[in-house]
Amino acid sequence: MDKPGIIRILDEMGTLLELQGANPFKSRAFQNAARAVEGITADLGELISSGELLEVRGVGKSIAVIIKDLHATGTSDEYRELRKSFPDGVVQMLSIPGLGPKKVKAIYEKLKISNLEDLEQAIKEDRIAELDGFGSKTQDNILKGLMALRTRSDKVLYPKARTSADRIFEGLGKERGVIRAEVAGSLRRRKEVVGDIDIVISAKKKDCAPLMEVFVNHADVTSIVAHGETKSSVILQGGINCDLRIVEDKEFAFALNYFTGSKEHNVEMRSRARKVGLSLNEYGFSHLHAEETRGKAKQLVQCKTESDLYKALGLCYIDPELRENLGEIEAAEKNALPKLIEEKDIRGTFHCHTTYSDGANSVQEMASAAQKLGWEYLGIADHSKGAVYAGGLSDARAKEQVKEIDAINEKSKGFRIFKGTECDILPTGDLDWSEKTLALFEYVVVSVHSNFKMTESEMTKRVVKALKHKRTTMLGHPTGRLLLSRDGYPIDMIKVIDAASDYGKMIEINSHPSRLDLDWRLCKYAREKGVTVSINPDAHSATSLSDVSFGVGAARKGWLSAKNVFNTRSSREISEMLRR
DNA sequence: GCCGTTTTCGGCCCGACTGTTTTCAGTCG
C-alpha cells in the first residue's frame, strides 16, 4: 500500500477508536501518526526496512508495526479488528457537520442506524429528537448538516477560496471600529486546498455586536451557522464556510497566531509554553496552574505582534506557510529558517501561450502585461506540432514566431522575451519537434498532453526519457490535471525529481487556478535533491500571468528560497544559463 | 498509543457556541 493509503487508514483508525469511546489520547496518537507519515519525504519502504521509521516523531512501536503491515500487505490485524466494530455508514455519519463521535455512537447503538438514508428517515419520523441529550434543534441541525454534506464539496482550491475571502474581507476590514484585521487559517498558510475561511479582527467591546451584524448580513452569506458576541460562522455562496472572531487589540497577536494554526503547530507552541511555566491560549499567556478563575488570568507577556509572541518563546518569527510542526519550530529555535521566496522575487515566467497556439493574447500583449507586473522578462512557450487540439505550431509557424520575438526584443529596452516551446512528450518519450526545430529555441519545456492511460511506471519512463534529452530545459506541468482527482500521482514524482537532479534539469511548479502541479511536499523533496524549480502559471492570457502567486505559495510551503527558484534570476543570468 | 530538561509513569491544548441541561456535554476549530 502506498503512503496516501496508509495516511488514510491511520486517520480512519483514530476515528474508529474515537467512536469506540477509547482513550481520547490513543485515538489522537493515530491521527498524530498520520500527520507524521504525511511529513515524511524519504522513501517509506526504505525507512521501514532500515528501522528508521521508529525515529519519526509520533510513530512508536505499535503504530510502526501497523504501518509496516499496511505497506507490505495493504491491511493489518488491528485495522481489521477495528473495522468490524462499526459499519461503513456509521463512519460516514461523522462527516455530517454537527455530528461527532458521541452522538453518532448514540444514534447507532440506540436506534441501530448505520447509514445516511436511515438517518434521514429517522429524522422525518422525529425519532432522533427523542434520544437522551438530543432535542428538536439538534435534530434540525443534523438534517441541515446532512443536506449541506450532499450539496457541498468540503474543500476548495486556494485561488477560489482567496477570491471569496477577499470579497468578505475588503468591506469588513474597513468597517468603523476595526482596529486590526487579518485573514487567518489555512488560507493564510496558503494551503493548496482550503477547507474554510477564518477572519480575525480586533475591536473595542462596544463595536463587536455591530461588526458581527455586518458580517452575518454580508451579501455573499447564504446561511448563518452560529452568531455570537465574539464568534460567528456563516456559509458563503459556493458553499465555503467562513468564521469571524473578534478580540481585544491586546489579544490580536495571540488570536491571529492561534487561528492561523495549523493545529499541529499550535499544539507544539502550547507545549513549548508549558515548558517555561506558561499556558498559551488565543488571548494571551497565563501562569500554569494559576488559581485565577478561567479567563481572568492576567496577561503576563504583552505581545503586540506575532513576532513578539514567537520571541517570548525563544523563537524567531515563523512564516505562516511553514506552520505545520514539520521541523519549523526547531529551526526557529536555532535561527535556521530559510528566507522564503516572495512574490516580488519573481522576475518573469517561462510557460506562456499566445495566439500562435491556444493563447488569448498576442506575443506583444503578453509582453506588455508582464512589464506591467514589473517583470524583466517573459518566456513564450507555445505548443508543438503534435498538440493539434491546442493549435500546435507547424515548423514554419515556429520559425515565424521566433522571428517576431527577435524583432520585438530588438526594439525593447530593459525587457526581454525568451524564445521557448512547450514540446509534447510522445508516448515513446521522444520529443515532438525535430532536432532542427528544437535548435530554434532558447529553452524547451517538455510536457505530456496525450496517452494518459499508461501505468505509473510506463508514464515515469516516458517522462524521464524526455527529461534526459539534451535540449530539454524543464519539465512542464509534471502531474497534469490529475493531482486533485486522485490519491496519488499519475507518475512517480520521486523518480522524476531524482532524474531531474541527475541530469541537471528543472521542474515546473505549474500553478494554474484550476490546479497546482507540484505540491509543497514535492517542492521540499526537490529542494533536498538540489533541483531548481521554475514557477510558471501556464498562462493562456495576459491576465492569468498573476496566477504565479499560487505557485509561490507552494514554493514557500516547501521551504524554498529565491536561490532554489529559476525565475528569480536576472535576465542576464538566465541568458547565460540557457546558452550553456 | 506516544513521549521524556518534572523521563519509564502520568501526562497529553484550550475556549466559544449550542442545545439541553439547571450546571454541563458535545462539537468544532
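Every chain is numbered from 1, with letters handed out A, B, ... down the list of sequences.
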J.: Rounded to whole Å, how long is the line connecting atom CE of A/M269 with atom P of B/dC13?
T.: 14 Å
J.: Within the side chain of A/N266, is there an N or O that forms a donor-acceptor pair under 3.5 Å with the backbone of A/Y258?
T.: yes
J.: Any donor-acceptor pair under 3.5 Å linking the side-chain atoms of A/N257 with those of A/T260?
T.: no
J.: From the options B/dC17, B/dG19, B/dC14, select the nucleotide whose nearest atom is closest to the side chain of A/N141.
T.: B/dG19
J.: Between P on B/dG11 and CZ on A/R28, what's the gap in Å once rounded to a whole number?
T.: 15 Å
J.: Calculate the interatomic distance between A/N266 atom CG and B/dC12 atom C1'; express it in whole Å.
T.: 16 Å
J.: Could you go through nucleotides 1-4 of chain B and list every protein N or O atom that sits under 3.5 Å from one of its N or O atoms, giving the distance for each pair?
T.:
from	atom 1	to	atom 2	distance (Å)
B/dG1	O6	A/N23	ND2	2.9
B/dC2	OP1	A/G60	N	2.7
B/dC2	OP1	A/G60	O	3.3
B/dC2	OP1	A/I63	N	3.2
B/dC3	OP1	A/G58	N	2.4

J.: With C1' as the reference atom in both, quote the distance from B/dC28 to B/dC13 in angstrom, rounded to an integer.
T.: 14 Å
J.: Is a side-chain donor-acceptor pair under 3.5 Å present for A/R83 with A/Y79?
T.: yes
J.: When rounded to the nearest Å, what value does the distance between C1' atoms of B/dG19 and B/dC12 take?
T.: 29 Å
J.: Give the rounded distance in Å between these two atoms: NE2 of A/H265 and P of B/dC13.
T.: 15 Å
J.: Taking atom types as modelled, find out whether A/S262 and A/N325 have a side-chain donor-acceptor pair closer than 3.5 angstrom.
T.: no
J.: May I have all residue pairs that pass ring-ring contact (aromatic ring centres under 6.0 Å, His included) and include part of residues 190-230 of chain A, sequence neighbours excluded?
T.: none
J.: Return the value, rounded to whole Å, for the distance between atom CZ of A/R270 and atom P of B/dC13.
T.: 9 Å
J.: Considering only atom C1', compute the distance from B/dT20 to B/dG26 and round it to an integer number of Å.
T.: 11 Å
J.: Which pairs count as side chain to side chain donor-acceptor pair (under 3.5 Å) when at least one residue sits in residues 14-27 of chain A, sequence neighbours excluded?
T.: A/Q20-A/S85
J.: Using the C1' atom as the point on both nucleotides, what is the distance between B/dG29 and B/dT23, in whole Å?
T.: 24 Å
J.: Send over the distance from A/H227 NE2 to B/dC17 P, rounded to a whole Å.
T.: 10 Å
J.: What pairs of donor and acceptor atoms, side-chain ones from residues 94-104 of chain A against any protein atom, are under 3.5 angstrom apart with sequence neighbours left out?
T.:
from	atom 1	to	atom 2	distance (Å)
A/S95	OG	A/Q92	O	2.5

J.: Mind checking whether A/F550 and A/Y158 have parallel, tilted or perpendicular rings, split at 30° and 60°?
T.: parallel
J.: Going by side chain to side chain donor-acceptor pair (under 3.5 Å), A/E321 matches just one of A/K557, A/R189, A/R190. Which one?
T.: A/R190
J.: Any side-chain N or O of A/S233 under 4.0 Å from OP1/OP2 of B/dC17?
T.: no
J.: Within less than 4.0 Å of OP1 or OP2 of B/dC12, is there a side-chain N or O belonging to A/R274?
T.: yes
J.: CG of A/L131 versus C1' of B/dG19: gap in Å, rounded?
T.: 14 Å
J.: List the atom pairs, donor and acceptor, that lie under 3.5 Å between side-chain atoms in residues 53-63 of chain A and the rest of the protein, sequence neighbours left out.
T.:
from	atom 1	to	atom 2	distance (Å)
A/R57	NH2	A/E268	OE1	3.4

J.: If you look at every strand shown and take non-hydrogen atoms under 4.0 Å, does A/S232 touch a base, only sugar-phosphate, or nothing?
T.: nothing
J.: If I pick the P atom on B/dT21 and the same atom on B/dT27, what distance separates them, to the nearest angstrom?
T.: 15 Å
J.: Is there a Watson-Crick or G-U wobble partner for B/dT8 with both distances under 3.5 Å, and which nucleotide is it?
T.: none
J.: Strictly under 4.0 angstrom, non-hydrogen atoms only: write out the protein contact profile of nucleotides 22-29 of chain B, one letter per nucleotide from the 5' end, B, S or -.
T.: ----SSSB
J.: Could you measure between the two P atoms, the one in B/dG15 and the one in B/dG10, and give it in whole Å?
T.: 25 Å
J.: Just how far, in rounded Å, is P of B/dA16 from CG of A/N281?
T.: 8 Å
J.: Please determine if a side-chain N or O atom of A/S279 lies less than 4.0 Å away from the OP1 or OP2 oxygen of B/dC13.
T.: no
J.: For nucleotides B/dT8 and B/dG1, find the distance between their C1' atoms and express it as a whole number of Å.
T.: 15 Å
